[in-house]
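Since the structure comes first, as structure tokens, the remarks are kept for the end.
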Protein chains: 4
Amino acid sequence: MPSSQAVTKPRPATLVRHERRKDARPGELLAAALDLFVEKGFAATRVEEVAVRAGVSKGTLFLYFASKEELFKAVVRENISGHFPQWNAEFEAYQGSTPDMLRYAMTLWWQQQGSSKSSGIAKLMLSEAGNFPELAAFFQQEVVQPGHDLIRRILQRGVDRGEFAPIDKKYSVYAVLAPMIFLQLMQHSNPCCFDATDPVVPEEFLAAHVQTTLDGLRLRPSSPASDKGSRSV
Amino acid sequence: MPSSQAVTKPRPATLVRHERRKDARPGELLAAALDLFVEKGFAATRVEEVAVRAGVSKGTLFLYFASKEELFKAVVRENISGHFPQWNAEFEAYQGSTPDMLRYAMTLWWQQQGSSKSSGIAKLMLSEAGNFPELAAFFQQEVVQPGHDLIRRILQRGVDRGEFAPIDKKYSVYAVLAPMIFLQLMQHSNPCCFDATDPVVPEEFLAAHVQTTLDGLRLRPSSPASDKGSRSV
Amino acid sequence: MPSSQAVTKPRPATLVRHERRKDARPGELLAAALDLFVEKGFAATRVEEVAVRAGVSKGTLFLYFASKEELFKAVVRENISGHFPQWNAEFEAYQGSTPDMLRYAMTLWWQQQGSSKSSGIAKLMLSEAGNFPELAAFFQQEVVQPGHDLIRRILQRGVDRGEFAPIDKKYSVYAVLAPMIFLQLMQHSNPCCFDATDPVVPEEFLAAHVQTTLDGLRLRPSSPASDKGSRSV
Amino acid sequence: MPSSQAVTKPRPATLVRHERRKDARPGELLAAALDLFVEKGFAATRVEEVAVRAGVSKGTLFLYFASKEELFKAVVRENISGHFPQWNAEFEAYQGSTPDMLRYAMTLWWQQQGSSKSSGIAKLMLSEAGNFPELAAFFQQEVVQPGHDLIRRILQRGVDRGEFAPIDKKYSVYAVLAPMIFLQLMQHSNPCCFDATDPVVPEEFLAAHVQTTLDGLRLRPSSPASDKGSRSV
DNA sequence: GATGAATGAGACTTCATTCAT
DNA sequence: TATGAATGAAGTCTCATTCAT
């Protein structure tokens with residue numbers, strides 16, 4: 001089981017072609033797999049097509065990945081869960097206010113994930129998780145859990161520092177998550193349901209949602225019961 | 001030389017029970033198909049499983065539906081598009097204010113569609129449309145188009161009666177649609193992404209969204225047009 | 001096993017419709033089956049299509065014919081082998097010269113069989129006999145054998161009466177048969193191999209062949225060895 | 001709820017022997033297919049049986065031929081139409097008299113095609129063309145058309161060189177073709193219709209027919225045109 | 001007698017996975 | 001390490017035949 005945690009490192013263009021390709025195989029396979037999984041879904045993607053797009057034979061793919069499911073897991077690690085150590089470290093060290101931190105987190109997410117093909121993987125899981133329980137468990141453990149944890153830590157920091165009211169955390173995590181899920185869907189779904197509209201500008205959409213969320217979370221000096229709809233997402 | 005005699009194949013006169021309920025069959029098959037399509041998606045649902053769940057054999061299914069795709073279309077007609085005539089008529093005859101009408105439409109939608117298995121079909125199309133172009137075209141024509149049209153007519157009524165500001169219609173249709181799509185997903189997606197939160201109460205969620213939308217749509221006596229992006233959902 | 005030897009008798013048009021249809025069922029089924037077997041072959045003809053063309057249900061067909069093969073046999077009896085008693089009787093009683101008799105036989109064959117759909121059945125057997133050994137045996141017994149016998153008796157009569165030379169009979173039978181087989185094929189085969197020509201006039205074609213055959217058969221007062229090609233078909 | 005895990009399916013590591021003879025496979029499959037198509041016809045031949053006879057599994061066949069129809073086309077190309085370039089070249093370069101050329105053509109045809117299994121393919125098309133229109137079109141284009149063209153060119157050469165009378169060409173083509181079709185049938189049809197006779201020696205049969213045809217075609221010094229129908233084969 | 005709903009073996013085709021080279 | 005030929009279970013759909021009504 002090749003762990004393939006090997007985040008593609010840029011490589012000097014001076015190497016001999018054959019040698020370059022040889023070492024790059026797993027990365028090329030992962031890139032091809034990402035493309036195809038996002039484009040057609042997990043079940044509808046054929047491993048042979050992945051291999052062909054990566055310029056290798058079907059047999060070679062199985063040399064690096066024990067099965068189609070392992071290939072998928074590697075794609076998830078390469079493109080999503082592999083980034084958590086860095087993200088966690090980055091936010092562990094964050095110095096500014098928590099509202100700024102949350103805004104930054106959303107911005108970073110959009111730049112690194114939401115706007116990239118990675119978001120197609122998350123969207124795919126929404127659809128196919130039911131048919132592939134093992135993948136669902138893996139995704140839950142490697143992506144959903146750490147993601148929730150990270151958000152929860154940010155929120156907890158806000159509470160601890162007196163910036164946020166000490167509200168229910170599960171609910172708040174979801175409030176942060178909702179627009180992300182929504183954007184992932186919009187990016188990768190059948191045009192007929194979304195695109196026939198004025199294009200939603202994702203950055204603005206996110207900004208608005210973060211603002212709304214912050215409004216809801218912020219510790220207010222004296223708050224009469226004046227919130228109603230804003231909390232329900 | 002395998003001498004065939006390929007046709008005559010005497011059947012053992014064992015127990016064969018002809019249930020003989022012609023009129024009930026299509027409905028039972030459609031119900032089973034709806035269940036399974038929603039549960040596993042179109043591609044991952046096997047026709048034989050549909051047949052078995054309906055209590056008949058594989059061949060019987062093809063007595064009523066010419067192919068798996070036709071079965072799916074029939075499910076869509078039975079559960080979604082077949083209701084449009086009634087909906088259209090109902091809203092054609094609606095007497096109250098347009099804001100009330102919109103609220104009523106959303107409530108009705110949730111009761112009849114959003115909260116039912118039908119919404120799983122729409123969710124399924126988001127994922128699989130790309131792999132089944134003919135189904136995508138069918139769904140676009142039979143569901144998406146009429147749905148957009150109906151919403152558009154409601155909005156136009158509001159504008160015509162001076163209740164709504166004459167804003168861009170495509171955009172407004174989408175503003176109405178967005179929460180519906182979101183709820184459909186929440187209903188039918190991998191729990192790991194949604195349910196690990198306080199349950200969102202769909203009715204409240206919808207009510208809040210309708211209220212927000214109405215705020216945006218309402219014709220205001222004197223409005224210094226100073227918001228733009230924030231309105232995007 | 002309904003023997004269906006019932007050569008369709010013309011029926012007075014005075015009877016009640018329902019009653020007429022009831023008694024006519026087997027005949028209508030046989031007619032439909034003949035059409036379809038000739039048109040598409042045995043294996044490619046679906047029993048349901050036969051039933052539909054006859055205006056009855058699939059179940060009714062199996063009421064009259066135990067299987068698709070039995071249906072085919074009934075078609076053969078109805079259209080071909082059922083005529084042998086009459087033909088045999090007619091030629092038993094023939095009074096003229098044997099050459100005339102042979103000419104008459106060929107003419108009769110063309111009128112009653114060669115030019116009719118029956119000839120499609122014989123052509124069909126050429127193609128499909130290998131796949132349906134039981135049908136092949138049946139056809140051999142009910143059609144080929146009696147046909148050969150009839151021809152052989154005619155030829156023997158010519159020899160006995162001193163009109164034909166006492167040549168090998170098997171060979172002569174074949175000489176008579178060849179053009180019949182050929183015409184059956186031409187009638188019912190893929191146009192691309194035959195029809196792109198000046199139409200062969202079957203009657204002339206037959207006449208020429210009979211003449212050639214008679215030339216070969218005729219008892220000649222003094223024959224030096226002057227025959228060569230004429231005898232080889 | 002049959003939880004699928006639909007993809008991963010560990011295979012017992014039992015005996016699997018990869019024969020590994022890529023280059024030989026297509027030929028072996030084509031040979032097996034030729035045998036079976038000739039023996040049972042197109043529709044009645046099962047691809048699995050072809051594969052088994054070639055010593056491979058069902059899936060392997062589809063590695064080389066995209067469908068049963070493509071397999072059939074490949075058989076036709078391999079055994080019949082692929083030879084046309086060579087035949088055309090050979091007759092383009094022919095130096096002798098046209099009557100000799102025609103005799104040679106028939107002899108060559110018998111040696112290479114008529115007496116081989118290839119002729120079973122042509123016989124098969126007579127029966128099944130109607131049920132497989134795409135195959136019929138293919139055969140017409142790849143075999144029938146070039147074949148007619150070749151014969152026509154030979155006849156035209158005879159006319160041009162003053163060896164043949166300038167008779168209608170379509171008709172003459174057919175005169176040449178008829179015995180070939182007849183022999184193909186005799187080779188591959190139900191014995192009951194043909195073999196119960198003294199065996200027809202195909203070479204003699206062909207020779208006789210060619211002679212007859214040549215008699216008809218030959219330019220005669222002074223011919224009071226008094227024959228017409230008798231010439232029709 | 002007549003119907004037609006129901007059956008299920010079997011056809012073609014796909015594709016993840018294996019393994020000799 | 002890399003290949004790609006080979007496998008075979010599984011999926012969709014067909015159709016002769018049965019039998020309750």
Side-chain angles (χ1 to χ4, degrees), chain A residues 21-23 25 43-51 56-69 71, chain B residues 6-14 16-25 43-49 51 55-69 71, chain C residues 21-22 25 43-49 51 56-64 66-69 71, chain D residues 6-25 43-49 51 55-69 71:
Chain A
R21 294 202 57 116
K22 209 167 167 182
D23 293 359
R25 286 284 149 77
T45 293
R46 280 172 294 129
V47 292
E48 173 148 42
E49 211 176 343
V50 174
V56 301
S57 72
K58 218 179 347 178
T60 302
L61 187 152
F62 283 95
L63 218 56
Y64 291 103
F65 307 98
S67 69
K68 194 185 180 185
E69 297 212 348
L71 172 64
Chain B
V7 169
T8 323
K9 208 156 293 154
R11 187 88 40 98
T14 57
V16 187
R17 41 170 174 57
H18 292 246
E19 286 295 341
R20 190 60 41 129
R21 286 184 305 175
K22 173 198 173 184
D23 295 349
R25 285 288 175 251
T45 294
R46 280 171 296 128
V47 290
E48 177 151 32
E49 207 175 346
V56 300
S57 73
K58 203 173 15 173
T60 301
L61 187 150
F62 287 96
L63 229 49
Y64 295 98
F65 305 98
S67 68
K68 193 184 179 185
E69 296 215 346
L71 173 63
Chain C
R21 293 203 58 116
K22 208 167 166 180
R25 286 282 148 79
T45 294
R46 277 172 296 129
V47 291
E48 173 147 43
E49 209 175 344
V56 301
S57 71
K58 217 176 354 175
T60 302
L61 187 152
F62 283 94
L63 219 56
Y64 290 102
S67 69
K68 195 184 179 186
E69 297 213 348
L71 172 63
Chain D
V7 169
T8 324
K9 208 157 292 150
R11 188 85 44 95
T14 57
L15 60 153
V16 188
R17 41 170 176 55
H18 291 244
E19 286 293 342
R20 191 60 40 129
R21 285 184 304 175
K22 175 198 173 186
D23 295 349
R25 286 288 174 252
T45 294
R46 281 173 294 128
V47 290
E48 177 150 32
E49 208 175 345
V56 300
S57 74
K58 206 174 8 173
T60 300
L61 187 151
F62 286 95
L63 229 50
Y64 295 98
F65 305 98
S67 68
K68 193 184 180 185
E69 296 215 346
L71 173 63

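Letters go in sequence order (proteins before strands), and every chain restarts at 1.
- Both G59(A) and T60(B) sit near DNA chain E, but only T60(B) has its closest nucleotide nearer the 5' end.
- Here Y64(D) reaches the OP1 or OP2 of dA6(F): one of its side-chain N or O atoms lies under 4.0 Å away.
- Atom NZ of K68(A) is separated from atom P of dC15(E) by 9 Å (rounded to the nearest Å).
- Here dA16(E) presents its P atom at 7 Å from CZ of F62(A), a figure rounded to the nearest Å.
- Nucleic acid contact class of K58(C) (heavy atoms, under 4.0 Å, all strands): base.
- Regarding E69(B), its CD atom lies at a distance of 13 Å from the C1' atom of dC13(F), rounded to whole Å.
- Each of T45(B) and A44(C) was matched to the nucleotide of DNA chain F holding its nearest heavy atom; the match closer to the 5' end belongs to T45(B).
- Between E49(C) atom CD and dT14(F) atom P there is a gap of 14 Å when expressed in whole angstrom units.
- Checking E48(C) against L61(A), the closest nucleotide of DNA chain F that is more toward the 5' end is the one next to L61(A).
- Of the candidates dT7(F), dT1(F), dA16(E), dT1(F) carries the atom nearest the L63(A) side chain, counting heavy atoms from C-beta on.
- Protein atom CZ of R46(B) is 19 Å distant from nucleotide atom P of dT14(E), rounded to whole Å.
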> Would you write out the dot-bracket form of DNA chain F, 5' to 3', with Watson-Crick and G-U pairs under 3.5 Å, [ ] for crossing pairs, | for pairs to other strands and . for unpaired bases?
Replying inline: .||||||||||||||||||||
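- K58(A) is linked by a side-chain contact (heavy atoms from CB on, under 4.5 Å) to V47(A), E48(A), counting only residues two or more places apart in sequence or in another chain.
- Of the candidate nucleotides dT14(F), dA11(E), dG8(E), dG8(E) has the atom nearest to the side chain of S57(B).
- Both V56(B) and V47(D) lie near DNA chain E, and the one whose nearest nucleotide falls closer to the 5' end is V56(B).
- The side chain of R25(B) places no N or O atom within less than 4.0 Å of a non-bridging phosphate oxygen (OP1 or OP2) of dA5(E).
- When the side-chain contact (heavy atoms from CB on, under 4.5 Å) test is applied to S57(A), the partners found at least two apart in sequence or on another chain are T60(A).
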